[in-house]
Amino acid sequence: MTDQNGVFMGMDLLCQVNSHAHRTEEMDVERLLVRRGQPFSLALQCHTTLPPKHKLAIILHLGKEGEVVVKVLDARAGRDKWWFRQQGAQSEVLLTIHSPADAPVGLYSVTVLLLSPDGHILEKTTPETFYLLFNPWCKADSVYLPDEELLEEYILNENGLLYQGSWDQISSLPWNFGQFEQDVVDICFEILDNSPAALTNPEMDTANRADPVYVSRTITAMVNANDDLGVVSGRWDGKYDDGVPPTRWTGSVPILRRWSEAGAQRVRYGQCWVFSGVACTVLRCLGIPTRPVTNYSSAHDTDGNLNVDYLYDEQLESVSEGRKDMIWNYHCWVESWMDREDLPKGYDGWQALDPTPQERSDGVYCCGPCPVKAVRDGDVGMKYDAAFVFSEVNADLVTWIVYPDGQRSQVSLNQNTVGQNISTKSVYGDYREDITKHYKYPEGSVKEREVYEKAGRRVTQPNGAPGQLELKIKHAQAILGTDFDVIVEVHNVGGEDTPAQLTVTSNAVTYNSLHRGECHRKTASLTVPAQKAHKEVLRLRYDHYGACVSEHNLIRVTALLQVSGQPEVVLQEVNIQLSMPQLHVKVVGDAVVSRKLIAHISFTNPLPITLRGGVFTVEGAGLTAAREIQAPDDIGPGQEVKVKLSFKPTRAGLRKLMVDFDADRIRDVKGIATLIVRNK
């Protein structure tokens, strides 16, 4: 309410100056986005100078309905209070507002009042809005991270890598986090506003948003759509016709926009890397330092016994019933940096947060924040979900053969399989940093055994002495679309010739161990001479695996060796990652903001069959919103398809154009072009 005859003309939020000082200029310079614990300025424009003895007051409202009211004090106050100072400058008054470093994050409205000498309100400005975010640059903020290079990556970098593949064949997936893209900050707060706590008790939820532990836990629950108005619906069975296959996404922004535009309707479909990518976008946007993490050979222990039990019958058919323990080839989550004032001393720093819906925590599908230090030291009672994360990186793999009479025999115990090569992108470039040592002590060390004991882990012993037959499985580099050999070697380390029965199966599996079909099976009766080896070659043809291979392009080869007339059974298993072709992406033109560029994209079909329904998906933070281009025709074996698209960069800096190609029989083919965009 500004009056022509009054004192106030209006208010300038000084967006450009503030956003530069608060490192939010990539987000928006048309709106005010500031970080808590750091002052920001407003310019109050007046028709005339303020009348003598009249005072200014500032009132803030926070919450969806403005239910939380904050009076900003007009004199320097303690760290836990809002306060402001003013400085007259001709027909303007510069107001510098100081926010506490533990203020709730959210959308605030600000109103300036003119008070008479006796305290009556004479006039007030039209309310203006601003976002307040967490501030990892501020020492007093509980997300403070005192390293500029880490902040450059874990807050400000809009591009990253998510690690996939297997422990012995690691691959990286470029991902567009896009946390500063238009409207993403609004969507992040919309996600918080749609949480069950916000909908049932908005005032308490608003107050709790001061705490990054509360906010990050809420986000891990809301990124999956299992039991709330969450963002992404998970699916692993290969049936994605009523949505987008998880492998097609190249970034978080199209997912977030789709959820928001549909009125908080879940987006179909995601898998673990999609959940972690979206969570990383939201947490970085809110100002919490966050990085995606991949754990290889990641255990999903459904019964909490810190063992993953695999049960087979004598024909190598899985006979696990009900909810099965599983080892995922890899599993992605995120880590966020924060103090843990809710825990005893010593648990500050990186916290594991897992938005993939696996198990309920306090009745909700979420996981964390769990101090990584608690996982390493076996403190499995720590909040939140330390026992579950501990088993993800430490469980034993125990394999059993179940006989027709119900008796079972333990055939293998592996204490080193689970939790390997735990990975994140380096802050110094596009390469992998191994962070396994943050989660566990070296395998076989005294410290490791102490931790297991502390965690209440039942130490499992192998059955009897090692037998005289040993199994090894070898294979050359396997390329999708080609035939390749798998060699099973049976070594006899004993002093007698030994007869045995060998069964070898190959199955198409997903990255999280779901079976999609048997490709090939071979059984052989053999006698292995003493101190010699027998080699059995399994030829895997595309005709065998092409029709059932999953979108993750994984073949699991399992070999079972039974010594004739003895209870001795040996089992060995390997996962073979079929390597994929790449897209070729070339950008032509001068990379300048608002100037047209053309991207040329090409793909050659590596399969011996024709591909149908080909679609390219393209996106890039600061370059172009997500777009789809249909392949013009079917693509025959060995045939090349070329498409092009034009776009105009919107923001300067190092930018990455991400491209995905999907068709009926091949998915998840990726390509990337990196360019430096300059201002005009």
Side-chain angles (χ1 to χ4, degrees), residues 163-171 293-301 303-310 325-333 335 349-350 352 354 370-380 382 385-400 410-424 426 432-467 470-474 491 493 511-513 556 558 570-577:
Y163 287 96
Q164 297 180 321
S166 55
W167 70 270
D168 56 349
Q169 203 175 328
I170 293 171
S171 59
V293 168
T294 300
N295 176 38
Y296 288 95
S297 300
S298 188
H300 183 178
D301 173 22
D303 55 11
N305 69 348
L306 296 180
N307 282 346
V308 170
D309 296 298
Y310 276 8
D325 286 356
M326 286 194 279
I327 292 181
W328 295 24
N329 233 32
Y330 64 87
H331 181 47
C332 302
W333 57 76
E335 289 176 0
W350 289 116
D354 189 350
C370 166
V372 172
K373 188 177 181 298
V375 177
R376 189 191 65 188
D377 292 343
D379 298 326
V380 294
M382 283 298 147
D385 311 303
F388 184 74
V389 181
F390 183 88
S391 75
E392 285 186 303
V393 300
N394 281 309
D396 282 352
L397 170 58
V398 187
T399 308
W400 306 83
Q410 181 184 312
V411 294
S412 73
L413 164 71
N414 197 321
Q415 297 176 317
N416 305 325
T417 296
V418 168
Q420 300 193 60
N421 294 342
I422 303 173
S423 303
T424 190
S426 167
R432 188 180 75 87
E433 179 185 345
D434 193 295
I435 55 171
T436 310
K437 65 180 184 292
H438 297 178
Y439 281 86
K440 54 204 290 193
Y441 290 101
E443 297 282 359
S445 66
V446 174
K447 194 74 182 159
E448 184 201 36
R449 284 194 293 277
E450 284 173 10
V451 164
Y452 287 170
E453 216 167 284
K454 185 177 178 184
R457 187 175 194 262
R458 179 168 55 81
V459 178
T460 319
Q461 296 300 334
N463 280 1
E470 294 176 354
L471 265 180
K472 286 182 182 168
I473 304 175
K474 297 178 177 177
H491 291 262
V493 295
Y511 82 99
N512 63 333
S513 287
R556 177 170 292 166
T558 308
V570 187
L571 185 136
Q572 191 64 258
E573 197 166 72
V574 296
N575 292 316
I576 301 173
Q577 181 77 53

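The structure presented is a predicted model; accordingly, all values stated were derived computationally and were not measured.
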Handout entry: Stepwise side-chain contact (heavy atoms from CB on, under 4.5 Å) test for Lys447 and Glu450
Key = CA-CA 5 Å; Lys447 194 74 182 159; Glu450 284 173 10; 3.8 Å; yes
Exercise for the section: Evaluate side-chain hydrogen bond (donor to acceptor under 3.5 Å, both in side chains) for Asp354 paired with His331, printing each intermediate quantity in order. Expected result: CA-CA 10 Å; Asp354 189 350; His331 181 47; 2.7 Å; yes
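Contact detail for Val308 and Ala395: the closest heavy-atom pair is CG2-CB, 4.1 Å. Minimum heavy-atom separation, Thr294 to Cys332: OG1-SG, 3.5 Å. Across all non-hydrogen atoms, the minimal contact from Ser171 to Gly165 is OG-N, 3.5 Å. Nearest heavy-atom pair, Ser297 versus Gln420, reported as atom, atom and distance to 0.1 Å: OG-NE2, 3.9 Å. The two residues Val372 and Ala352 come nearest to each other via the heavy atoms CG2-N, 4.0 Å. Contact record, Asn295 with Gly419: OD1-CA, 3.2 Å, taken as the closest heavy-atom pair.
Side-chain atoms of Asn421 come within 3.5 Å of backbone atoms of Trp167 as a donor-acceptor pair (strictly under, hydrogens ignored). Although no hydrogens or angles enter the test, the distance criterion places a donor-acceptor pair under 3.5 Å between the side chain of Thr436 and the main chain of Ile422. Side-chain N or O atoms of Asn575 include none that pairs as donor or acceptor with a backbone N or O of Ser166 at under 3.5 Å. Looking only at distances, no side-chain donor or acceptor of Asp396 sits under 3.5 Å from a matching main-chain atom of Val398. Side-chain atoms of Lys454 come within 3.5 Å of backbone atoms of Asp377 as a donor-acceptor pair (strictly under, hydrogens ignored). Within the 3.5 Å criterion, the main-chain N or O of Ile327 finds a donor-acceptor partner in the side chain of Tyr310.
Going from atom OH of Tyr330 over to atom CD1 of Ile170 covers 12.5 Å, rounded to the nearest 0.5 Å. With rounding to the nearest 0.5 Å, the separation of OG in Ser423 from CD in Gln164 is 12.0 Å. For the atom pair CD (Glu392) and CH2 (Trp328), the distance works out to 8.5 Å, reported to the nearest 0.5 Å. Here the OH atom belonging to Tyr439 is positioned 11.5 Å from the CG atom belonging to Asn394, to the nearest 0.5 angstrom. Residue Glu573 holds its CD atom at 5.0 Å from CZ of Arg556, rounded to the nearest 0.5 Å.
Across Glu433, Arg432, His438, a single residue satisfies side-chain contact (heavy atoms from CB on, under 4.5 Å) together with Thr424, and that is Glu433.
Taking the six-membered ring where tryptophan is involved, the planes of Phe390 and Tyr452 are perpendicular, since the angle between them exceeds 60° and thus also 30°.
At a threshold of 4.5 Å between non-hydrogen side-chain atoms, the residues Glu443 and Glu448 count as touching. For the pair His300 and Phe388, the minimum side-chain heavy-atom distance is below 4.5 Å.
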